[in-house]
> 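Just passing along the structure, written as structure tokens.
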Amino acid sequence: FLQTIGRNIEKTNQLIQDLTEISRIETGKLNVEPAPISFATVVSESVEAVRGMYDEKEIALHVDLPADLTPVMGDHHRLVQVLTNLLSNACKYSPAGADVYVSVCDEVADEARRPPQAVIYCAVRDTGCGISEADQDRLFTKFFRSANPDVQAAPGTGLGLSITRGIVELHGGEIWFDSALGEGTTFHFTVPQAAYRETN
């Protein structure tokens, strides 16, 4: 009984926290403090945060991270929140013993811009249940959770991706995904490089 009560309290606390974050994003009151930071550190902290759940499901996490990555202009805590959420989802919606891949690189996001926008690009690819075409248009909608039994079996409030998108956009970045039902999902996002934000 105590374990059940504890789990329900944890779920309630998470829901309250997520609702507060959504409200702050929608009213423009979310606290974001950008500064030049190492995205490699964001990756390492995010990986450490999800290590336990990955080990529990025996999911292998592969990280491709260049040694000479350019710093980003971002809020360290918020970017860890973004990547941790994406890594957590990749684990939750993948079967035991699966693989998840993280790749990071310097990139020019929009070559038509003058000057072009230099960004750090990050992708999180899983080999899990994937997202049906019917669900894809609603994926970033508040409280949306797919009716897919594999999704319903995993805990969640349906707010994480909406919060994640809001944080990425507050940084001046973009987030999108590719997916097919039964074939896994890749989430992509960008964050402006520190040099770009400092000179524009």
Side-chain angles (χ1 to χ4, degrees), residues 7 10-11 13-22 25 30 39 42-65 74 77-104 120-171 173-191:
R7 286 194 296 268
E10 184 177 341
K11 290 178 182 178
N13 286 339
Q14 185 62 57
L15 179 58
I16 291 170
Q17 181 179 337
D18 287 350
L19 286 170
T20 302
E21 296 276 74
I22 283 289
I25 289 171
L30 186 71
F39 196 77
V42 171
V43 173
S44 63
E45 287 193 20
S46 302
V47 168
E48 188 61 29
V50 300
R51 179 65 65 190
M53 65 189 303
Y54 273 73
D55 289 345
E56 185 177 344
K57 292 184 69 174
E58 298 183 341
I59 292 176
L61 182 55
H62 310 272
V63 179
D64 181 8
L65 185 67
H77 169 72
R78 293 300 181 182
L79 290 180
V80 169
Q81 183 179 354
V82 165
L83 187 53
T84 299
N85 184 63
L86 295 179
L87 290 173
S88 176
N89 282 350
C91 181
K92 286 194 296 185
Y93 303 125
S94 294
D99 294 276
V100 172
Y101 302 86
V102 179
S103 56
V104 183
I120 295 300
Y121 163 85
C122 180
V124 178
R125 179 170 66 90
D126 67 55
T127 52
C129 58
I131 305 164
S132 70
E133 290 188 16
D135 288 342
Q136 291 186 16
D137 289 340
R138 303 176 60 194
L139 193 62
F140 290 106
T141 304
K142 289 184 296 183
F143 298 109
F144 173 72
R145 298 200 75 208
S146 172
N148 185 328
D150 292 329
V151 174
Q152 290 294 319
T157 63
L159 291 170
L161 285 176
S162 184
I163 293 169
T164 295
R165 180 177 65 176
I167 294 172
V168 170
E169 291 178 349
L170 281 172
H171 280 81
E174 297 181 75
I175 184 168
W176 68 101
F177 68 93
D178 302 305
S179 186
L181 190 62
E183 298 180 11
T185 302
T186 302
F187 279 92
H188 317 258
F189 71 94
T190 61
V191 182

> Is the backbone of V124 close enough, under 3.5 Å, to the side chain of T186 for a donor and an acceptor to pair up by distance?
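No, T186 side chain to V124 backbone: no donor-acceptor pair under 3.5 Å.
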
> Test of understanding: with side chain to side chain contact (heavy atoms under 4.5 Å, CB included), list the residues that count as partners of E169, not counting sequence neighbours.
R165

> For C91 and M53, work out which heavy atoms get closest and say how close.
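That closest heavy-atom pairing would be SG-O, 3.6 Å.
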
> Side-chain contact test, heavy atoms from C-beta onward, threshold under 4.5 Å: evaluate it for F189 versus C122 and give yes or no.
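Sidechains of C122 and F189: in contact.
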
> Is the closest side-chain heavy-atom distance between I163 and Q81 below 4.5 Å?
yes

> Start with the C-alpha gap between T127 and V100, add the side-chain angles, then the distance that decides, and say whether side-chain contact (heavy atoms from CB on, under 4.5 Å) holds.
CA-CA 7 Å; T127 52; V100 172; 6.0 Å; no

> Do you know which two heavy atoms are closest between T164 and V82, and how far apart they sit?
CG2-CG1, 3.7 Å

> Has the side chain of S132 got a donor or acceptor atom that lies under 3.5 Å from a matching backbone atom of L181?
no

> Could you report the tightest heavy-atom contact between V50 and S88, atom names first, then the distance?
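Closest heavy-atom pair between V50 and S88: CG1-N, 4.2 Å.
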
> Go through the steps for D64 and V104 under the test side-chain contact (heavy atoms from CB on, under 4.5 Å), then give the verdict.
CA-CA 6 Å; D64 181 8; V104 183; over 6 Å; no

> With side chains defined as the heavy atoms from C-beta onward, is the minimum distance between L86 and L161 less than 4.5 Å?
yes

> Do side-chain atoms of K57 reach the backbone of P95 as a donor and acceptor pair under 3.5 angstrom?
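Between the backbone of P95 and the side chain of K57 there is no qualifying donor-acceptor contact (under 3.5 Å).
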
> Between the main-chain N or O of G130 and the side-chain N or O of E183, is there a donor-acceptor pair closer than 3.5 Å?
no

> Return the CD to OG1 distance between E45 and T84, rounded to the nearest 0.5 Å.
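So the CD of E45 and the OG1 of T84 are separated by 8.5 Å.
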
> Check whether S94 reaches the backbone of A90 with its side chain - one donor and one acceptor, N or O, closer than 3.5 Å.
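Looks like yes, one N/O pair under 3.5 Å.
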
> Report the C-alpha separation of Y121 and V191 in whole Å, then their side-chain angles, then the decisive distance to 0.1 Å, and conclude whether the side-chain contact (heavy atoms from CB on, under 4.5 Å) test is met.
CA-CA 7 Å; Y121 163 85; V191 182; over 6 Å; no

> Stepwise, does the side-chain contact (heavy atoms from CB on, under 4.5 Å) test hold for R125 with F187?
CA-CA 6 Å; R125 179 170 66 90; F187 279 92; over 6 Å; no

> If the condition is ring-ring contact (aromatic ring centres under 6.0 Å, His included), which residues does Y54 pass it with, not counting sequence neighbours?
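Applying ring-ring contact (aromatic ring centres under 6.0 Å, His included) to Y54 gives none.
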
> Please report the shortest heavy-atom distance between G97 and I59, naming the atom on each side.
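Nearest pair, atom of G97 first, then I59: N-CG1, 4.1 Å.
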
